Participant: 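Structure incoming, see below.
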Amino acid sequence: TSITSAKIQVNGVHLHYQQTGEGSHAVLLLPGMLGSGQTDFEPQLKSMNKQLFTVVAWDPRGYGKSIPPSRDFPPDFFERDAKDAVDLMQALKFKKFSLLGWSDGGITALIAAAKYPNLIHKLVVWGANASVTQEDVRIYNGIRDVSKWSEKVRKPLEELYGHKYFAETCEAWVDGISRFAENSDGNICQQLLPDIKCPTFIIHGEKDPLVPQAHAEYIHEHIKGSR
């Protein structure tokens with residue numbers, strides 16, 4: 001039941017991950033914006049069935065303990081994270097694995113499942129969106145200033161990064177994700193959803209303050225057989 005913590009070189013960066021369990025079903029946990037395996041998935045690392053699953057939680061480049069490099073947001077940052085995530089699991093010698101992604105990690109998981117269908121066993125996403133509307137941009141700008149966040153959400157991230165990196169990276173994220181609104185239909189990965197062939201389960205929080213429910217409904221409509 002112990003949790004190992006290590007780094008492995010993938011695509012020219014050293015990615016940090018945590019691993020636990022010895023089950024035959026490998027699962028990768030993908031954290032949300034600014035998140036890490038530890039801050040976002042501590043309950044899953046502790047409590048998921050260690051006999052059924054081998055659980056890996058990763059820190060995407062520039063997040064958590066996968067620094068350096070500093071986090072940046074080029075136009076393809078979701079595709080880059082998807083490739084990093086899949087290549088990490090292959091470097092760890094998993095032939096096939098499932099993805100559990102929330103928020104930005106959900107978007108990354110959708111892209112990975114569409115682009116690497118032979119590697120992905122099952123997919124669970126929550127708080128994810130395949131496009132960015134002008135209303136979304138307004139919501140994102142509401143969280144730009146981290147000093148206005150609730151202490152409960154802010155504190156663990158401030159402890160992880162220090163105030164300066166946390167504040168600057170949040171602002172960079174708002175700018176980076178808002179750029180998708182300039183695309184036709186605000187597209188992030190809408191065209192990829194029909195390519196997802198694995199069993200897919202979509203969860204959405206009724207009170208999610210950052211992602212309106214229409215996003216979950218759109219994903220459900222465009223992934224065949226999803227629930």
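From a predicted model like this one, the values you see are computed outputs, not experimental measurements. For the numbers below, each heavy atom of this structure counts, side chains included, while hydrogens, waters and symmetry mates do not. In what follows, residues are counted from 1 in the order of the sequence shown.
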Participant: Distance check, rounded to the nearest 0.5 Å: C198 atom SG versus N118 atom CG?
Facilitator: 11.0 Å
Participant: Could you tell me if the side chain of L92 sits less than 4.5 Å from the side chain of Q19, heavy atoms only?
Facilitator: yes
Participant: Roughly how far, to the nearest 0.5 Å, is the CD atom of Q38 from the CD atom of Q18?
Facilitator: 4.5 Å
Participant: Assess whether a salt bridge exists between E79 and K83, defined as any Lys/Arg side-chain N lying under 4.0 Å from an Asp/Glu carboxylate O.
Facilitator: no
Participant: Is Y140 close to I177 at the side-chain level, that is, under 4.5 Å between some pair of heavy atoms?
Facilitator: yes
Participant: Nearest 0.5 Å, what's the CG-CG distance between N187 and L192?
Facilitator: 8.0 Å
Participant: Check whether any side-chain heavy atom of Y63 sits under 4.5 Å from a side-chain heavy atom of L160, and report yes or no.
Facilitator: no
Participant: Are any side-chain N or O atoms of S47 and backbone N or O atoms of Q44, one a donor and one an acceptor, separated by less than 3.5 Å?
Facilitator: no
Participant: Between D40 and G32 (side chain of the first, backbone of the second, donor and acceptor by atom type, cut-off under 3.5 Å), is there such a pair?
Facilitator: yes
Participant: Do F166 and W149 make the cut of ring centroids closer than 6.0 angstrom?
Facilitator: yes
Participant: Regarding R80 and D72, does a basic nitrogen lie under 4.0 Å from an acidic carboxylate oxygen?
Facilitator: yes
Participant: L15 and D59: which non-hydrogen atoms are nearest, and at how many Å?
Facilitator: CD2-O, 3.9 Å
Participant: Test your reading of the model: is there a side-chain donor-acceptor pair from S70 to the backbone of P68, 3.5 Å cut-off?
Facilitator: no
Participant: Would you name the heavy atoms of R71 and R61 that are closest together and state the gap between them?
Facilitator: NH1-O, 2.9 Å
Participant: Does T108 use its side chain to pair, donor to acceptor, with the backbone of A82 at less than 3.5 Å?
Facilitator: no
Participant: Honestly curious: do F53 and L99 fall in one hydrophobic cluster under the side-chain, below-4.5 Å linking rule?
Facilitator: no
Participant: Same cluster or not: Y116 versus I111, using hydrophobic residues (I, L, V, M, F, W, Y) connected whenever any side-chain heavy atoms lie under 4.5 Å apart?
Facilitator: no
Participant: For K155, does the NZ atom sit with more than 12 other heavy atoms under 6.0 Å from it, leaving out its own atoms?
Facilitator: no
Participant: Indicate whether the side chain of D84 and that of W58 have a donor and an acceptor atom separated by less than 3.5 Å.
Facilitator: no
Participant: Is the gap between the ring centers of F78 and F73 under 6.0 Å?
Facilitator: no
Participant: Hey, is CD on Q9 packed in by over 12 heavy atoms from elsewhere, all under 6.0 Å?
Facilitator: yes
Participant: Side chains of M33 and I143: does their closest heavy-atom pair fall under 4.5 Å?
Facilitator: yes
Participant: Compute whether any side-chain donor of one residue and acceptor of the other, for D175 and S178, lie under 3.5 angstrom apart.
Facilitator: no
Participant: Please report the shortest heavy-atom distance between L123 and A113, naming the atom on each side.
Facilitator: CD2-CB, 3.8 Å
Participant: Quick one: closest heavy-atom pair of A85 and L30, and the distance?
Facilitator: CB-CD2, 4.1 Å
Participant: Before we go on, tell me: are the rings of F201 and W126 under 6.0 Å apart, centre to centre?
Facilitator: no
Participant: For a quick test of reading the model, state the closest non-hydrogen atom pair linking R179 to P75 and the distance between them.
Facilitator: NH2-N, 4.4 Å
Participant: Taking NZ in K7 as the centre, count heavy atoms belonging to other residues, nucleotides or ligands within less than 6.0 Å. Is the count above 12?
Facilitator: yes
Participant: Are W102 and Y218 connected in a single hydrophobic cluster, I mean Ile/Leu/Val/Met/Phe/Trp/Tyr linked by side-chain heavy atoms less than 4.5 Å apart?
Facilitator: no
Participant: Applying side chain to side chain donor-acceptor pair (under 3.5 Å), run through E158 and H163 and close with a yes or a no.
Facilitator: CA-CA 5 Å; E158 237 165 28; H163 179 75; 2.8 Å; yes
Participant: Looking only at heavy atoms, what is the nearest atom pair of P60 and P31, with distance?
Facilitator: CD-CG, 3.6 Å
